[in-house]
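Okay, so here's the structure we're looking at.
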Amino acid sequence: MAMQNVNAIVSLYADIEFPNDPVIFIKPFNKLTAKRNKNGEINDLNGFYVVMNFNLLGSMEKEIDNVINEQKDLMVLLRITKMSKDLEDQKDAFLDSFKISFDNCNKCTDAGIPYISAKKIKYVNLLEHFENISAGMYMIKILVQKENEKNKKDWFLQSFTILTIV
């Protein structure tokens, strides 16, 4: 279940150039080819960039449960999980955590409805996150929660993308 009024999009890129704003995103992809040693084990895998775009939409109705109306920051987790029917083969790793703060985002209040847009870029080298990485399908997911939620265990799966390693 996703949090209402929060749009999150996650994309993978082989490279990014930062000459100025806007950033140049190079080679979007969803498949990585691993290099293997003589035993067939993965020993080299290119790093990549995870680009997360967020749009938080307010509401004219103040009583609606909404991050912007409540003036709460949005807590974000970036995780990766190896997809498998076999529980022993499922692997999970933490990639990043951050918050989208009202003080540090592009705010717009003159569009009729208040909204915030934010972008986060994270470089990922999976060999640093998994001891023994293997070929297969991985889900890179964005989980969100309002700051100071009563139940810290309640995270919403807001967006995901699938990465295949061959």
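Start at 1 with the first residue, then count along the sequence. Heavy-atom basis, side chains included; hydrogens, waters and symmetry copies ignored.
Taken together through direct or relayed side-chain contacts under 4.5 Å among Ile, Leu, Val, Met, Phe, Trp and Tyr, I9 and F98 form parts of separate hydrophobic clusters. In the hydrophobic clustering of this structure, F130 groups with L163; members are Ile, Leu, Val, Met, Phe, Trp, Tyr whose side-chain heavy atoms approach within less than 4.5 Å, directly or through other members. In the hydrophobic clustering of ILVMFWY residues, with side-chain heavy atoms under 4.5 Å counting as a link, I121 and V50 come out apart. Cluster membership for L127 and F29, using ILVMFWY side-chain heavy atoms within less than 4.5 angstrom, is shared. V23 and I26 fall into different hydrophobic clusters, where Ile, Leu, Val, Met, Phe, Trp and Tyr are joined by side-chain heavy atoms under 4.5 Å apart, directly or via other members.
Distance check: S101 OG to M75 CE gives 10.0 Å after rounding to the nearest 0.5 Å. A distance of 4.0 Å separates CZ of R79 from CG of D92, quoted to the nearest 0.5 Å. Within the model, atoms CG of L78 and CE of M52 stand 5.0 Å from one another, a figure rounded to the nearest 0.5 Å. With values rounded to the nearest 0.5 angstrom, E147 atom CD is found 9.5 Å from Q145 atom CD. We find the CG-NZ distance between L12 and K31 to be 14.0 Å, quoted to the nearest 0.5 Å. Rounding to the nearest 0.5 angstrom, the gap separating the CG atom in L77 from the CG atom in L143 is 5.5 Å.
Judged by distance alone, the side chain of Q158 and the main-chain N or O of M3 form a donor-acceptor pair under 3.5 Å. Using modelled atom types, one side-chain atom of K82 and one backbone atom of A135 make a donor-acceptor pair closer than 3.5 Å. The backbone N or O of E41 lies less than 3.5 Å from no partner atom in the side chain of N39, so there is not a single donor-acceptor pair.
For the pair I140 and V124, the minimum side-chain heavy-atom distance is 4.5 Å or more. Residues Y138 and L126 form no side-chain contact, since every pair of their non-hydrogen atoms from C-beta on lies 4.5 Å or further apart. Looking at M83 and I162, their side chains come closer than 4.5 Å, going by heavy atoms from C-beta outward. Taking the side chain as every heavy atom from C-beta outward, L32 and V166 never approach each other to under 4.5 Å. For the pair I100/V76, a side-chain contact is recorded, criterion being any heavy-atom separation below 4.5 Å from C-beta on. Annotation: side chain of K120 is in contact with side chain of D96 (closest heavy-atom distance under 4.5 Å). The shortest side-chain heavy-atom distance between V67 and I116 does not fall under the 4.5 Å cut-off. The shortest distance between side-chain heavy atoms of N5 and Y115 does not fall below 4.5 Å.
Between the side chains of S117 and N55, no donor N or O sits under 3.5 Å from an acceptor N or O.
Paired with F25 under the rule ring pair (Phe, Tyr, Trp, His ring centres under 6.0 Å), one option of Y49, F18, Y13 passes, and it is Y13. For the side chain to side chain contact (heavy atoms under 4.5 Å, CB included) test with R36, the passing option among L45, D44, I42 is I42; the others fail.
Heavy atoms from other residues, nucleotides or ligands lying under 6.0 Å from CZ of F160 number 12 at most.
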